[in-house]
Amino acid sequence: MYTRTAIEDEFVGRSECWCFGTLDDPEKLVHLGNHPEVTLCLRCARWASKQADGIEDRSRTGLAVMLRDRARFARRVVIQRGWHRIPIIGTALRRLGRHTP
């Protein structure tokens with residue numbers, strides 16, 4: 001599939017993630033609504049979604065917000081200490097990280 005870019009009138013067969021530069025089929029990338037030329041791979045889109053959720057939580061209060069903040073803190077500790085790179089434990093932590101805020 002070919003897509004037309006908004007900046008140039010060229011047809012391109014593959015799109016590039018704006019964060020990592022990963023080349024992939026445009027249908028496998030997330031396109032921003034008003035800027036279809038901006039594409040994110042699924043990994044970057046998940047990260048951006050988690051960042052947006054954190055920003056929204058800054059203006060909220062409650063038990064659920066406190067628990068999500070604790071989960072974010074735990075994720076930062078895991079990454080700072082490199083636990084996500086340990087062969088057996090790291091696989092489980094990365095899998096768990098996909099399902100936490």
Side-chain angles (χ1 to χ4, degrees):
M1 174 171 186
Y2 293 96
T3 58
R4 178 170 254 162
T5 60
I7 298 172
E8 304 166 354
D9 273 348
E10 294 181 3
F11 286 98
V12 293
R14 298 182 75 84
S15 291
E16 181 177 357
C17 174
W18 277 37
C19 291
F20 288 119
T22 307
L23 293 173
D24 206 347
D25 183 18
E27 291 184 0
K28 293 182 180 179
L29 297 172
V30 177
H31 298 266
L32 299 185
N34 289 335
H35 296 279
E37 72 276 7
V38 178
T39 56
L40 296 174
C41 64
L42 296 179
R43 182 177 172 196
C44 294
R46 284 188 193 102
W47 176 85
S49 174
K50 288 179 188 264
Q51 296 299 310
D53 290 342
I55 291 169
E56 285 179 342
D57 277 350
R58 291 180 193 162
S59 62
R60 297 179 182 161
T61 60
L63 180 61
V65 174
M66 185 186 72
L67 292 174
R68 287 192 297 266
D69 284 341
R70 298 283 182 189
R72 288 184 194 104
F73 176 75
R75 176 182 285 115
R76 281 193 302 270
V77 169
V78 166
I79 291 171
Q80 286 173 352
R81 295 183 180 175
W83 293 345
H84 62 293
R85 292 192 178 108
I86 298 173
I88 296 172
I89 298 170
T91 303
L93 289 172
R94 286 190 303 272
R95 209 172 270 157
L96 177 65
R98 292 184 197 140
H99 303 290
T100 57

If I take atom CG from residue L42 and atom CG from residue L29, how far apart are they, to the nearest 0.5 angstrom?
7.0 Å
For R60, what residues pass the salt bridge (charged side-chain N to carboxylate O under 4.0 Å, His left out) criterion, not counting sequence neighbours?
E56, D57
State whether the side chain of W18 and the backbone N or O of E37 hold a donor-acceptor pair below 3.5 Å, judged by distance alone.
yes
By the salt bridge (charged side-chain N to carboxylate O under 4.0 Å, His left out) test, which pairs, at least two apart or in different chains, include something from residues 75-87?
none
Of all heavy-atom pairs linking C17 and C41, the shortest is SG-N, 3.3 Å
I'd like to know whether CZ of R70 has more than 12 heavy-atom contacts from other residues, nucleotides or ligands below 6.0 angstrom.
no
Can you get from I79 to L93 by hopping between Ile, Leu, Val, Met, Phe, Trp and Tyr side chains that sit under 4.5 Å apart?
no
Residues clustering with L63 (ILVMFWY side chains joined when closer than 4.5 Å, directly or via others)
M66, L67
Main-chain N/O of G54 paired to R68 side chain as donor or acceptor, under 3.5 Å
no
Applied to residues 40-52, the side chain to side chain donor-acceptor pair (under 3.5 Å) test, sequence neighbours excluded, yields none
Kindly write out the residues that satisfy salt bridge (charged side-chain N to carboxylate O under 4.0 Å, His left out) with D69, not counting sequence neighbours, or none if the list is empty.
R72
If you measure from NE2 on H31 to CG on L40, what distance do you get to the nearest 0.5 Å?
9.5 Å
Do other residues, nucleotides or ligands put more than 12 heavy atoms under 6.0 Å from L23 CG?
yes
